[in-house]
Amino acid sequence: MTRPLSPADRAKTAAARRSVDFVEDGMKLGLGTGSTAALMVRALAARARDEGLKLTCVATSTRTARQAEGEGLSVVPLDEAGWLDLTIDGADEFDGDLSLIKGGGGALLQEKIVASASDRMIVITDASKEVKTLGAFPLPVEVIPFGWTTTRMQIEELLGGMDVMGTEITRRMAGDEPFRTDEGNFILDLALNRIGDARALSAALNQVPGVVENGLFLGLCDAVVIGHADGRVETRDLNAGTVHEERVLFEESDNIFRDL
Ligand code: 5RP
């Protein structure tokens, strides 16, 4: 069943549509995870069909792999693809340096591996996710289930010495069960409110035994495509130092949220 497009849906759709303009024939692409990434995958598949593009795609989750294959895209493991030209993914927060918090969808580990194996990472988002300082969105940290309570205690202890404004840690749930990542791990969500030094925090978290990866993406994102509900799209390219604004036109009948 198709639901009507909300303003947030329209903004995400506009960003997703615009981002696939950066794709060129023959590219090896990383496909992100989440609702905005799902819209991008649909728009990408439509472009590949219409223009006969030959693309090799690497998915950042089983969810995205299933969708992309269902849409007719060729999906291969990262080890087969090797280095990627471009990864397009969503984010939970981004700041002026294009530092990100990711992992709201629980796919941060594969997302970080794929982004770091790409020449370029483009983030697609709506304007509500821009922040001055990261941390309003709880920071996801992937931990192995073995001894996770002691891992949590050690994270709590290290947060005491970090420049943050909160220390509450919650294990993510999926209904009555702990949420499990594609790798079978748990996610701890850290309510920090404000992260003063993201680099120091990221390095410290990854030193804790049991921590697999954290959701801070620092120095990985090259450009952000910010969608607005009226179809305006702003593209900020960090390396080129440019900001471009365009308008993406879409009809209500274009609702690509159907079945997603
Ligand atoms: C998944 C992610 C997503 O990119 C992030 O949660 C944004 O999701 P959405 O596009 O649904 O708002 O990091 O692990």
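For reference, positions follow the sequence shown, starting with 1.
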Salt-bridge test for Arg232 and Glu234: reply yes if a basic N is under 4.0 Å from a carboxylate O, no otherwise. no
Leu100 and Cys221 have their tightest heavy-atom pair at CD1-CB, 4.0 Å
After noting the C-alpha distance and the side-chain angles of Asp163 and Arg194, does the key distance pass the salt bridge (charged side-chain N to carboxylate O under 4.0 Å, His left out) rule? CA-CA 8 Å; Asp163 184 5; Arg194 182 183 173 282; 3.5 Å; yes
With no hydrogens and no angle check, is any side-chain donor or acceptor of Ser19 less than 3.5 Å from a backbone partner on Ala16? yes
Polar side-chain atom of Ser118 near backbone of Met121 as donor-acceptor pair, under 3.5 Å: no
Distance-only, no hydrogens or angles: does the Arg63 side chain make a donor-acceptor pair with backbone N or O of Gly105 under 3.5 Å? yes
Heavy-atom nearest pair, Gln67 first then Arg42, reads NE2-N, 3.8 Å
Val208 and Thr151, any side-chain heavy atoms less than 4.5 Å apart: yes
Non-neighbouring partners of Glu51 that pass salt bridge (Lys or Arg N to Asp or Glu O under 4.0 Å), sequence neighbours left out: Arg47
What residues join Met153 in its hydrophobic cluster, counting side-chain heavy atom gaps under 4.5 Å, either direct or through other members? none
Indicate yes or no for a side-chain donor-acceptor contact from Lys28 to the backbone of Ala81 under 3.5 Å, with no hydrogens or angles considered. yes
Any carboxylate oxygen within less than 4.0 angstrom of a Lys/Arg side-chain nitrogen, looking at Arg18 and Glu245? no
Among Asp92, Thr33, Thr60, Asp89, find the one that has a side-chain hydrogen bond (donor to acceptor under 3.5 Å, both in side chains) with Lys102. Asp89
Does atom CD of Glu246 have more than 12 heavy-atom neighbours, drawn from other residues, nucleotides or ligands, at distances under 6.0 Å? yes
Any side-chain donor-acceptor pair under 3.5 Å between Thr62 and Asp182? yes
Might you point out which heavy atoms bring Ser35 and Lys12 nearest each other, and give the distance in Å? OG-NZ, 2.8 Å
State whether the side chain of Thr64 and the backbone N or O of Gly32 hold a donor-acceptor pair below 3.5 Å, judged by distance alone. yes
Taking atom CG of Leu55 and atom CG of Leu31, what is their separation to the nearest 0.5 Å? 9.0 Å
Using a 3.5 Å distance criterion without hydrogens, assess whether the side chain of Asp25 forms a donor-acceptor pair with backbone atoms of Lys54. yes
Between Asp222 and Arg236 (salt bridge meaning N to carboxylate O under 4.0 Å), is one present in this structure? no
Approximate separation, where rounding is to 0.5 Å, of Glu130 CD and Phe94 CZ: 4.0 Å
Does Asn214 reach the main-chain N or O of Leu205 with its side chain, forming a donor-acceptor pair under 3.5 Å? no
Considering only distance and modelled atom types, tabulate donor-acceptor pairs under 3.5 Å from the side chains of residues 132-150, sequence neighbours left out.
from: Glu142; atom 1: OE2; to: Thr181; atom 2: OG1; distance (Å): 2.9
from: Glu142; atom 1: OE2; to: Asn185; atom 2: ND2; distance (Å): 2.9
from: Thr150; atom 1: OG1; to: Gly147; atom 2: O; distance (Å): 2.7

Looking only at atom types and distance, does a side-chain atom of Ser99 sit under 3.5 Å from a main-chain N or O of Asp95, one as donor and one as acceptor? no
